[in-house]
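Every chain is numbered from 1 and lettered A, B, ... according to where its sequence line falls, protein lines coming before strand lines.
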Amino acid sequence: MNWNGPLLKMNDFRFEIPSNYQGVQNNLHMKTSGVIYATNGMIKSIRMDYAPEQVANVTMLPGIVGKSLAMPDIHWGYGFPIGGVAAMDEENGVISPGGVGYDINCGVRLLRTNLHFTDLDSQKIQHLVDEMFINVPSGLGSKAKVHLNRKQLDDVLKLGAKWAIENGYGWKEDPEYIEEHGCLDYADISKVSNEAKQRGAPQLGSLGAGNHFLEIQKVDEIYDESAAKAFGIQNIGQIMVMIHTGSRGFGHQVCTDHLRVLGQAVKKYNIWLPDRQLACAPVTSKEGQDYLKAMACAANFAWCNRQMIVHWVRESFGKILHQCAEDLDMGIVYDVCHNIAKLEEHEIEGKKKKVYVHRKGATRSFGPDKQEVPLRYRDVGQPVLIPGDMGTESYLLRGTKESEETFGSTCHGAGRVMSRTQAVHRYRGEQIINQLKQKGIYAHPASWKVMAEEAPDAYKNVSEVVNVTHGAGISSKVVKLLPLGVVKG
DNA sequence: ATGTTC
């Protein structure tokens, strides 16, 4: 099914769905226009999965501020497109789980090391990957080594990454380099179901499946030397570790639970929607606030999860290289989430205003001088982490002042072009492993099926995606990273 | 993404 609505070229990197578009059923009344960040060459595949209709649908939500936006890695999602960004008014707006996604606070964390590519031969890489595979439980339904009681889980949900550090999983300075310091303090455990807690408790400290991964990477190219230096990157060949995971079954259950409640709220508050999947509630309503407080619990779960994984990564490097992580300088460059909604202050038409920014498959990209950016990076902007698909390049970018046009947001990754089912039919896991091997990448998968689902050809080219956001000015390239070894969920 | 089918 191809989307045939209007996508008017504004310039090299922006296409508009004008607000007079009436929709497939000829009854849409857009409150504002939609903008998709893309190049000419990307438009064909963007039309293919119908996601632009979802960009138009989002413009019809009550209290939307500015435009309905989509990043170049846009594809079809539940209600909102993946790659979608929408800001809602602090008083008259709505909050929607579809604008966040099922994997609440899915995100990326980057660790640096003082190792150089030439310090590690292929056997060492293999040992490191195998050791991390042992220490970080991976795969669908993977369970953690740590068993939390109910009180401990409640503390995790309230404290996020801070809980992990207080319990020995990390360094004192780690939270400084995590978005929101790894904790949303309005998290309220009474808004989370027992079922979510039951699912979540055994999964804290596990990687999961799908496109989640743990990668040993090397710096391949430096585009912005002063920003790279600020982020602790000195030279080409420097070894880095990237972690991509989220809130596991816990966030999934929080989303499911609150979608049910907000489906009812739509009727109660008499909200007209073009698509039931856009279920939402006024931000000021009990239902809306309850979702925000539960979402914060899931966000904290994910930050704690990534923190524990970092600890085991440091331990694994220490063990295999017979050196402690401190001596290897394995500090956190940054941790960003790409599935979340938060109240933030932005400059809108020259005035500062607080809005609820939904980012679904979109990354925060705050520019220099914003107080949310760590002091150490304040002059260059926030580090932005963009994972590629398995076996391809990833990027470290910096946020820009120009990203105010997207409420401080940019893309989040490559974005699928082929469904999981299609990919499983077309590829075999063993064949993908061999392909990677030929490129000098060692992969340790938890499942052959996921390996096939995540075949590089099932994804858009991440470099094209990043070049659009760089060209449009909403984030700026700092470093390109290439994988050497990968633990795949 | 996900105890891949509430």
Side-chain angles (χ1 to χ4, degrees), chain A residues 49 51 54 73-84 96-109 137-144 192-204 206-214 243-264 276-277 279 294-295 298-299 301-303 305-306 309 336-341 358-363 387 389-390 412-425 429 445-455 458-459 487-489:
Chain A
D49 71 359
Q54 297 189 310
D73 44 345
I74 178 175
H75 55 113
W76 196 91
Y78 184 93
F80 286 56
I82 293 158
S96 174
V100 172
Y102 275 90
D103 191 2
I104 296 166
N105 191 2
C106 185
V108 190
R109 188 179 285 211
S138 308
L140 184 66
S142 48
K143 293 213 162 110
V192 170
S193 70
N194 276 324
E195 199 179 358
K197 291 182 186 178
Q198 261 159 24
R199 268 180 84 172
Q203 293 182 332
L204 184 73
S206 67
L207 193 63
N211 64 358
H212 289 163
F213 66 72
L214 220 162
I243 297 159
H244 180 203
T245 186
S247 51
R248 310 284 286 102
F250 181 84
H252 197 278
Q253 192 61 46
V254 166
C255 182
T256 303
D257 293 340
H258 286 264
L259 269 173
R260 196 174 299 135
V261 176
L262 296 201
Q264 296 300 311
R276 285 177 60 176
Q277 293 187 354
M295 186 211 306
F301 183 100
W303 276 314
N305 193 30
R306 290 198 284 275
I309 292 172
V336 273
C337 44
H338 50 229
N339 279 7
I340 203 151
H358 293 71
R359 295 191 185 94
K360 182 195 199 173
T363 311
D389 52 281
M390 177 179 61
H412 89 304
R416 293 197 80 91
V417 285
M418 195 185 294
S419 74
R420 290 179 185 279
T421 326
Q422 272 178 298
V424 168
H425 283 294
S447 121
W448 294 115
K449 187 175 168 228
V450 171
M451 211 62 192
E453 284 178 350
E454 297 300 312
Y459 283 84
V487 173
K488 195 67 194 166

**Message:** Tell me every residue that passes salt bridge (charged side-chain N to carboxylate O under 4.0 Å, His left out) with A:K143, counting only those two or more places apart in sequence or in another chain.
**Reply:** none

**Message:** Using a heavy-atom cut-off of 4.0 Å across all strands, would you classify A:G246 as base, sugar-phosphate, or nothing?
**Reply:** nothing

**Request:** Mind calculating the distance between CG (A:N339) and P (B:dT2) to the nearest angstrom?
**Result:** 11 Å

Each nucleotide N or O in nucleotides 3-6 of chain B that has a protein N or O under 3.5 Å away: list the pair and distance.
from	atom 1	to	atom 2	distance (Å)
B:dG3	OP1	A:R199	NH2	2.2
B:dG3	OP2	A:Q203	NE2	2.7
B:dG3	O6	A:E195	OE2	3.1
B:dG3	N1	A:R199	NH1	3.3
B:dG3	N2	A:R199	NH1	2.7
B:dG3	N2	A:R199	NH2	3.4

**Prompt:** Once you round it to whole Å, what is the distance between C1' of B:dT2 and NZ of A:K143?
**Reply:** 14 Å

**Message:** Using side-chain contact (heavy atoms from CB on, under 4.5 Å), reason through A:D103 and A:S247 one step at a time and then give a plain yes or no.
**Reply:** CA-CA 6 Å; A:D103 191 2; A:S247 51; 3.3 Å; yes

**Asked** Is there side-chain contact between A:R199 and A:F250, with at least one heavy-atom pair below 4.5 Å?
**Response** no

**Asked** Any side-chain heavy atom of A:R306 sitting closer than 4.5 Å to one from A:N105?
**Response** yes

**Message:** Can you confirm if the aromatic rings of A:H338 and A:H244 lie within a centre distance of less than 6.0 Å?
**Reply:** yes

